Q: 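After the structure tokens below, expect a handful of questions from me.
Predicted, not measured: the structure shown is a model, and the values here were computed from it.
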Number of protein chains: 2
Amino acid sequence: MTMSNTGGRRRPPTIHDVAREAGVSRGTVSRVLNGGHYVSPAAQEAVNAAIRRTGYVVNRHARSLITGRSDSIGFLLTEPQERFFEDPNFNVLLRGCTQALAQHDIPLLLMLAGTEDERRRITRYITAGHVDGVLLVSSHSGDPVAQELREAGVPLVACGKPIGLGSKVSYVAADDRDGARDMVRHLLSLGRRRIGVVTGPLDTPGGVERLAGYKEVLTEAGVEIDERLIVSGDYSRASGEAGAERLLAQAPDMDAVFVASDLMAQGVLTALQRAGRRVPQDVAVGGFDDSPAAVTASPELTTIRQPWDRISAEMVRVLLAQIGGEDPAAVILPTELVKREST
Amino acid sequence: MTMSNTGGRRRPPTIHDVAREAGVSRGTVSRVLNGGHYVSPAAQEAVNAAIRRTGYVVNRHARSLITGRSDSIGFLLTEPQERFFEDPNFNVLLRGCTQALAQHDIPLLLMLAGTEDERRRITRYITAGHVDGVLLVSSHSGDPVAQELREAGVPLVACGKPIGLGSKVSYVAADDRDGARDMVRHLLSLGRRRIGVVTGPLDTPGGVERLAGYKEVLTEAGVEIDERLIVSGDYSRASGEAGAERLLAQAPDMDAVFVASDLMAQGVLTALQRAGRRVPQDVAVGGFDDSPAAVTASPELTTIRQPWDRISAEMVRVLLAQIGGEDPAAVILPTELVKREST
DNA sequence: CATGCTTCTGTGAGCGTTCACAGTAGAGAA
DNA sequence: TTCTCTACTGTGAACGCTCACAGAAGCATG
């Protein structure tokens with residue numbers, strides 16, 4: 001029966017209560033709380049016991065008030081929210097970041113900046129120091145929010161390479177180019193030579209890189225690049241369908257397609273089947289993302305898996321390092337070829 | 001050119017700076033910040049101008065330290081995270097809550113309590129007063145976390161009716177029973193009489209209610225309840241497939257199925273097509289949820305839409321009311337029948 | 001003229017921490 | 001002995017805000 005517990009209900013114990021309980025001063029308790037340097041083993045032990053007995057939990061507001069740190073970080077999603085929220089990978093990313101941060105006992109604030117108003121409010125919120133750093137998921141290259149945050153000196157890690165921003169912004173991305181290379185090499189290994197491609201939007205790094213990987217491998221293999229085999233889409237299912245139709249019209253002898261996203265690949269499958277081409281016998285199809293759609297498609301889609309779990313872990317690691325004073329860093333993670341029925 | 005800006009870089013303006021700038025006292029600025037009661041229009045104006053000029057943003061830590069409120073709320077997901085994260089409705093819910101809270105300038109903390117460890121940590125975090133209230137998404141009925149939080153007096157709103165908890169816990173749910181009734185009535189209106197059902201798990205309110213609605217409508221319509229037409233699933237696609245096979249075996253004359261989730265309904269479609277039954281000519285199929293899968297299914301699925309956007313908005317409203325001192329409340333929202341090709 | 005009421009304003013205290021600093025004790029070196 | 005150094009401990013500030021209170025001013029009422 002400790003005094004501090006039997007007395008008044010309600011108000012949680014403070015560092016003062018713990019100090020009294022342990023027979024030491026506030027300072028000593030604080031030192032134990034923050035790493036325990038310059039604390040005698042006896043005091044250490046007494047404080048820990050007192051903490052356990054009182055059920056003390058540090059008041060983060062009081063701490064933040066004086067340290068200036070908030071010990072929380074923001075997960076910022078800018079622009080077209082629907083698209084990200086519909087993307088199953090986004091969930092993995094969000095969950096991964098939350099869990100990685102939880103291990104450091106850091107809460108994650110979810111921030112959605114869809115409208116101009118929200119953008120302003122959130123930028124203000126962040127620059128006011130309410131979070132120590134930001135995990136940024138932005139479709140836009142050269143996002144104005146990112147720009148502002150960078151200028152305000154807020155530690156920032158982007159998911160995917162942000163183009164348009166200065167080089168001094170951290171990011172973690174999958175190796176799009178290498179993933180594309182793997183897929184095209186795989187298609188070549190099946191004996192296909194007339195390989196089409198439906199690219200992503202060419203104003204995004206992903207779109208550009210995947211196309212680059214495609215071209216590189218063909219060139220290395222001595223296969224001529226035929227512009228009639230290249231069409232671009234916008235990652236939507238419909239654009240995949242349209243793209244495949246254009247390819248069939250421009251290059252009827254096509255025997256494989258590398259599609260820069262699984263969603264588009266689904267559209268491609270639809271278009272091919274409608275045109276009477278069998279997959280994979282007549283035309284092999286390779287996707288990108290390894291989204292859940294890849295397995296529900298028929299035939300099941302061969303695709304490139306992006307390591308979303310690792311991406312989230314790395315984003316958190318890099319961000320925390322940056323908050324700790326390290327320089328911005330870029331991390332590129334390897335992708336993986338997942339073979340299924342469509343090739 | 002204000003003094004406060006030209007001087008030292010870095011440190012953000014405080015309420016003191018604003019007071020000096022506006023020629024009033026801290027107290028007056030504080031009053032303006034908190035509703036502006038008992039403030040003369042002149043002072044009001046001066047303070048607002050000063051705030052704008054200095055770019056002042058309130059320091060929430062200092063405020064929280066004294067008010068005891070944190071002005072932030074938690075979005076708590078307990079137990080099997082994967083399932084929720086894969087459910088597209090979950091995204092709508094999360095997004096809706098975030099946005100609704102943003103309108104009140106309240107940040108949302110994402111909290112995932114998957115493991116026992118995380119559970120403990122998060123419960124501690126919450127009961128330490130780091131959030132003012134919790135939006136709970138729990139699959140489990142009688143969730144231990146919910147129980148603990150309730151006992152600690154933390155304002156709480158659950159998504160879906162929690163069973164096992166006392167009646168004094170707030171929740172917001174779709175009207176499962178009424179949704180089921182609508183669907184079965186719809187099937188009846190098509191002239192179907194041998195209507196099967198694949199229920200959800202019968203230890204969840206949703207599962208129970210949807211089955212109850214089914215039975216009610218049939219009874220009202222004078223159609224006999226045939227136990228051979230009732231099988232239960234677990235919301236998974238596979239269980240839908242298995243359920244349909246069982247139904248076909250037990251009641252080959254079945255001319256319609258009400259399936260308690262879209263995912264299961266997809267399985268049902270697969271099984272029916274494999275058995276050579278045409279949908280909707282031979283067997284009409286009705287789902288539940290209106291998930292994106294409903295439109296990608298072929299034929300497109302007639303289903304019951306749950307008003308997730310409204311659910312999230314109501315959850316936030318009820319929670320804020322409860323934080324403001326109101327009593328717990330239960331809100332049941334109407335569903336909507338969405339007719340597509342499968343009926 | 002005192003009294004009360006309402007509206008408005010400034011002031012000190014204090015929320016629970018951390019931080020800088022001062023101070024103590026003990027060990028070892030001069 | 002005295003001095004220095006290290007390991008440890010306690011004590012006042014702050015941090016930036018809100019709250020309670022005291023008071024001032026204006027106006028109507030007794």
Q: May I have the step-by-step check of side-chain contact (heavy atoms from CB on, under 4.5 Å) for B:V137 and B:F75, ending in yes or no?
A: CA-CA 8 Å; B:V137 180; B:F75 188 98; 3.7 Å; yes

Q: NE2 of A:H104 to CZ of A:R317: how many Å apart, nearest 0.5 Å?
A: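 Those atoms lie 10.0 Å apart.
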
Q: How many whole angstroms separate atom NE2 of A:H16 from atom P of C:dG14?
A: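 Distance check: A:H16 NE2 to C:dG14 P gives 13 Å.
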
Q: Could you tell me whether the phosphate oxygens of C:dG10, OP1 or OP2, come under 4.0 Å of any side-chain nitrogen or oxygen in B:T28?
A: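 Yes, because at least one side-chain N or O of B:T28 sits under 4.0 Å from OP1 or OP2 of C:dG10.
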
Q: Scan nucleotides 18-25 of chain D against the protein and return all N/O pairs shorter than 3.5 Å with their distances rounded to 0.1 Å.
A:
from: D:dT18; atom 1: OP1; to: B:N34; atom 2: ND2; distance (Å): 3.3
from: D:dT18; atom 1: OP1; to: B:R63; atom 2: NE; distance (Å): 2.8
from: D:dT18; atom 1: OP1; to: B:R63; atom 2: NH2; distance (Å): 3.1
from: D:dT18; atom 1: OP2; to: B:S30; atom 2: OG; distance (Å): 2.9
from: D:dT18; atom 1: O4; to: B:R26; atom 2: NH2; distance (Å): 2.7

Q: Got a second to check how far B:Q322's CD is from B:D132's CG, nearest 0.5 Å?
A: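 CG of B:D132 is found 12.0 Å from CD of B:Q322.
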
Q: Quick check: does any side chain N or O of B:S64 sit under 3.5 Å from a backbone N or O of B:R69, one acting as donor and the other as acceptor?
A: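 Confirmed, B:S64 side chain pairs with B:R69 backbone.
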
Q: Would you list the protein and nucleotides 5-7 of chain D atom pairs, both N or O, that sit under 3.5 Å from each other?
A:
none

Q: Go through D:dC17, D:dC15, C:dC8 for me and flag the one nearest to the B:T14 side chain.
A: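 Comparing D:dC17, D:dC15, C:dC8 against the side chain of B:T14, the answer is D:dC17.
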
Q: Within less than 4.0 Å of OP1 or OP2 of D:dT9, is there a side-chain N or O belonging to A:S40?
A: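 It does, given that an N or O in the side chain of A:S40 lies less than 4.0 Å from OP1 or OP2 of D:dT9.
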
Q: Using whole Å, what does the distance between atom C1' of nucleotide D:dA14 and atom NE2 of A:H61 come to?
A: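 In whole Å, D:dA14 C1' and A:H61 NE2 are 19 Å from each other.
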
Q: How bent is the helix from C:dC1-D:dG30 to C:dA30-D:dT1, measuring the angle between the end axes built from five pairs each, rounded to 10°?
A: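 If I round to tens, the end axes sit 60° apart.
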
Q: If I take atom CZ in residue A:R60 and atom C1' in nucleotide D:dC15, what distance separates them, rounded to the nearest angstrom?
A: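 The distance from CZ of A:R60 to C1' of D:dC15 comes to 18 Å, rounded to the nearest Å.
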
Q: Could you tell me the separation between the OG1 atom of B:T123 and the CD atom of B:E118, rounded to the nearest 0.5 Å?
A: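 Answer rounded to 0.5 Å: 11.0 Å.
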
Q: Is the B:H61 ring parallel, tilted or perpendicular to the A:H61 ring (thresholds 30°, 60°)?
A: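 The rings of B:H61 and A:H61 sit tilted, inter-plane angle from 30° to 60°.
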
Q: Counting only N and O atoms by type, is there a donor-acceptor contact under 3.5 Å from the side chain of A:T67 to the main-chain atoms of A:R63?
A: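 Yes; judged by distance alone, with no hydrogens or angles, the pair exists.
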
Q: When you compare the side chains of A:D17 and A:T54, does any donor N or O come within less than 3.5 Å of an acceptor on the partner?
A: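 No donor-acceptor contact under 3.5 Å links the two side chains.
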
Q: For residues A:E148 and A:T127, is any side-chain donor paired with an opposing acceptor at under 3.5 Å?
A: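 The criterion, which ignores hydrogens and geometry beyond distance, is not satisfied for A:T127 and A:E148.
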
Q: How long is the straight-line distance from CZ of B:R60 back to NE2 of A:H130, given to the nearest 0.5 Å?
A: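 So the NE2 of A:H130 and the CZ of B:R60 are separated by 5.5 Å.
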
Q: With no hydrogens and no angle check, is any side-chain donor or acceptor of B:S170 less than 3.5 Å from a backbone partner on B:A329?
A: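 Looks like yes, one N/O pair under 3.5 Å.
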
Q: Please state how far atom CG in B:N59 lies from atom P in C:dC15, giving the value in whole angstrom units.
A: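 From B:N59 CG to C:dC15 P: 18 Å.
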
Q: Rounded to the nearest angstrom, tell me the gap between atom CG in A:D17 and atom P in C:dC15.
A: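 Atom CG in A:D17 sits about 11 Å away from atom P in C:dC15.
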
